[in-house]
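Nothing here was measured: the structure is a model prediction, and the numbers come from that model. Numbering of ligands and ligand atoms starts at 1, following listing order.
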Amino acid sequence: MNALNRNALKVAEWWIMREDGSIQCKLCPRECIIRENGFPGACGVRVRLNDKFYLAIYGKTSGWALDPIEKKPLFHFYPGSCAFSIGTIGCNLFCIFCQNWIISQARIKPKTLKFPLHLEDLSPERAVELARRNGCSVIAYTYNEPIVWYEYMLDTAKLAKQNGLKNAMITNGYINEDPIRELAKYIDAANVDLKGDENFYSRLSGAPKAPEAVMRAIEILVESGVHAEITILIIPGWNDKEEFFRRVARWVMDKFGPEKVPVHLSRFYPNYMMRAVPPTPVRTIEKARKILMEEGLKYVYIGNVPGHPAEHTYCPNCGKPVIKRNGFWITDWKLTDDNRCSYCGYKINIIGKYKQEDSWLRFHMLF
Ligand code: SF4
Ligand SMILES: [Zn+2]
């Protein structure tokens, strides 16, 4: 193993040594069993070295950027804020439609632990410093699945919290109960993908025990006081049936009620190994939104269709648009200082105050 990668090793949490000498990871529902020295689990970044289990990319990033929080998407959490966004490599799912597959499906090399692509040093201290220096009040763990770099995310989140920053996790929610409960102490907001039914997870993402595990993770986050939003990427022929949307809506209504957990319905575009499937017809997404709202949900958004009126937040009481958006931009704000509808006074479920932190804009103009 070269010296460069040694500084990226951190003893992992959530694993056991079994009686037969194998190591079992307990972080996500895959619960990989690793017998051979120098080999990673399925996510490709958590590795066995002798009798210990390690995260092998601690403090290493495949890229960081300043993004508007709306891009995550998080529409009800510190609107307008800048999210200092960090990604690494690896994922515990194998979605054949992944938009970020170059980093999510990258794996460290067994035995040598070499990185498959260039990773830059970014310690938790440096991440917090850069976030502050760039005027971001949120750090977002995003781009690839942050669950697989749990220890790096957790340490950064703890430090961010101590420094008055907020933490947001953009995740597939495919994680076991105890680890998500521990993480939830330091995370303020999460956007969780709810991809489809059992058939979808097993055939397109190679994931057993889903969506149950994902739904349970969302429940734990909300029970723990984390602000949660859900994203469903609608793929034609796979998760675009009325029955699926009704089931999701009824579960959200039953567990969280009509306003607590906003839902984003996102348009699919052909990508990675799923290039033969056409983009989702906008009509299909509109129909899904109608179904969710018929079941009682109040905040249902349409994503990846710039300029669509379902990018706006409508007051559940008087029906007027109270936050207008165009893509990631907030173009109109009709809430009072305590986040009530300016027209009728109804309390809108928005966490934090609106603050246009546009340092992300200057950042993107540099490139
Ligand atoms: S986090 Fe990675 S190593 Fe652990 S069980 Fe999940 S896929 Fe396997
Ligand atoms: Zn109103």
(request) Give a yes/no verdict on a cation-pi contact between Lys320 and Tyr343, requiring under 6.0 Å between NZ or CZ and the six-membered ring centre and an angle within 45° of the axis. (result) yes
(request) Answer yes or no: is there a donor N or O on one side and an acceptor on the other, between the side chain of Ser202 and the main chain of Gly206, under 3.5 Å? (result) no
(request) Just need the protein heavy atom nearest to atom 1 (S) of ligand 1, so name the residue and atom and give the distance. (result) Arg46 CD, 3.7 Å
(request) Look at the aromatic rings of Tyr272 and Trp101 and report parallel, tilted or perpendicular, splitting at 30° and 60°. (result) parallel
(request) Measure Lys26 to ligand 1 on non-hydrogen atoms and call it side chain, backbone, both or neither using the 4.0 Å cut-off. (result) neither
(message) We want to know whether His264 and Glu229 form a side-chain donor-acceptor pair, criterion being a heavy-atom distance below 3.5 angstrom.
(response) yes
(request) Output yes if Cys32 passes the N/O/S-under-2.8 Å test against atom 8 (Fe) of ligand 1; output no otherwise. (result) yes
(request) Flag this pair as yes if the NZ/CZ of Arg46 is under 6.0 angstrom from the six-membered ring centre of Tyr54 and inside a 45 degree cone about the axis; otherwise no. (result) no
(message) I need the nearest protein heavy-atom contact for atom 2 (Fe) of ligand 1: residue, atom name and distance, please.
(response) Cys43 SG, 2.4 Å
(request) For the pair Glu286 and Lys290, find out whether any cationic side-chain nitrogen is under 4.0 Å from an anionic carboxylate oxygen. (result) no
(request) Specify the protein heavy atom at minimum distance from atom 4 (Fe) of ligand 1: its residue, its atom name, and the distance to 0.1 Å. (result) Cys25 SG, 2.3 Å
(message) Show me which atoms of ligand 1 lie under 4.0 Å from any heavy atom of Gly41.
(response) 3 (S)
(request) Could you list which atoms of ligand 1 come closer than 4.0 Å to a heavy atom of Arg30? (result) 5 (S), 7 (S)
(request) Classify the side-chain pair Asp240/Thr284 by whether it contains a donor and acceptor separated by less than 3.5 Å. (result) no
(message) I'd like to know if atom 4 (Fe) of ligand 1 has an N/O/S atom from Cys28 within less than 2.8 Å of it, counting both backbone and side-chain atoms.
(response) no
(message) Need the ligand 1 atom indices (1-based, order shown) with element for anything under 4.0 Å from a heavy-atom of Glu31.
(response) 5 (S)
